[in-house]
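Quick note on labels: first sequence line is chain A, next is B, and so on, each numbered from 1.
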There are 2 protein chains.
Amino acid sequence: MKKQKIDDIDIKILKLLEKNSRISNMEISRRIGLSEGAIRKRINKLKKNNIIKGFCVILDYSILGYNVSWIGLNVEKNKIINIIDEIPKDDNIKGIYLTYGDHDIIIEYIYRDKKELENYIKEIKKIEDIKEIWPAINIEKVY
Amino acid sequence: MKKQKIDDIDIKILKLLEKNSRISNMEISRRIGLSEGAIRKRINKLKKNNIIKGFCVILDYSILGYNVSWIGLNVEKNKIINIIDEIPKDDNIKGIYLTYGDHDIIIEYIYRDKKELENYIKEIKKIEDIKEIWPAINIEKVY
DNA sequence: GTTGAAATAAGTCCATG
DNA sequence: CATGGACTTATTTCAAC
């Protein structure tokens, strides 16, 4: 795929969507000073070119009765792709990240009680080539 | 604030918004089988009660020419709130997380080149009561 | 929950550079 | 030939009931 040239207008659109992705095309158009159609076409293009990968919602999981954890995995480096495939995935997985640092893979996992987390860790442990698991790094987004 | 009772319909709405926050109220209403007005009132209530904290966009920062890092900070535990206040904040900060585990605070930071990251680290270092800084944990979201 | 008016989004076509 | 604007139609939002 040819790499899309991003201009200042695209950046402005992305910044507005980062603040509030539910803003209407019309409102973006008013703030930027382009027609609604132009904004819509640009957003679609940004989606097509995978610069916009999706639109999401920031939830307070603690109010919903969940804890949030990041589970760090240290693994055989040449098996990373296989391992990512094998990680059990369900609604409680909010993200899986490839990282270079203390860990190789980080799983963002929400759970209602310790039991649920422990069971999930048990599943993870069954995967071959995982050397270390650093679970239960509870987090709260403060900014 | 009184804690909101969440029912199955709220959960369904949140799941749809998690998949795509730009879905229209109408489309949610069709999928759930409630009127559009009912959906709208529920979303507004979820926002008012801070269960929905915002609507965001998932961007591929690498296509935009950015690297993504998580900077882990180990700090004096009783100074955490002060430190969070003092962390320099700009458009490159995508999140600040309070954590319990390897680090006390994690900053999600995007940068175009090493120089930019280094300058930011330099700013962080000026803050009192930060004991350790673990920067440059580059990440890619794979799921 | 229904309804109707206003706002917004989507689709098409045309002009421009 | 990609982009924005103008126009038309379809859909969505929003508030009164």
Using the rule given for side-chain contact (heavy atoms from CB on, under 4.5 Å), can you reason through B:L16 versus B:I32, listing the C-alpha separation, both sets of side-chain angles and the distance that settles it, and then say yes or no? CA-CA 10 Å; B:L16 288 170; B:I32 292 188; 4.2 Å; yes
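For the atom pair A:I58 CD1 and B:F55 CZ, the distance stands at 9.5 Å (nearest 0.5 Å). Atom CG of A:L117 is separated from atom CD1 of A:I124 by 10.0 Å, given to the nearest 0.5 angstrom.
When rounded to the nearest whole Å, the span between CD1 of A:I39 and P of C:dA7 equals 20 Å. Put simply, NZ on A:K48 is 13 Å from C1' on D:dT3, counting in whole angstrom units. Between A:L46 atom CG and D:dA2 atom P the separation is 16 Å, expressed in whole Å. Taking atom CZ of residue A:R42 and atom C1' of nucleotide D:dG4, one finds them 9 Å apart after rounding to whole Å. Rounded to whole Å, atom C1' of C:dT8 lies 15 Å from atom CZ of A:R31.
For the pair A:K45 and D:dT3, the criterion of a side-chain N or O lying under 4.0 Å from OP1 or OP2 is met.
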Below 3.5 Å between N/O atoms, which protein atoms pair up with nucleotides 13-15 of chain D? Just atom names and distances, please.
from, atom 1, to, atom 2, distance (Å)
D:dT13, OP1, B:N25, N, 3.1
D:dT13, OP2, B:N25, N, 3.0
D:dT13, OP2, B:M26, N, 2.8

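Side-chain N/O atoms of A:K41 and base N/O atoms of D:dG5 include a donor-acceptor pair closer than 3.5 Å.
As judged by a 4.0 angstrom heavy-atom cut-off over every strand, A:K5 is placed among residues making no nucleic acid contact.
In this structure, B:N49 contributes its side chain and B:I51 its backbone to no donor-acceptor pair below 3.5 Å.
By the 4.0 Å N-to-carboxylate-O rule, A:K15 lies too far from A:E18 to be salt-bridged with it.
Remark: A:K94 fails to qualify as a cation-pi partner of A:Y109 under the 6.0 Å distance and 45° angle criteria applied to the six-membered ring.
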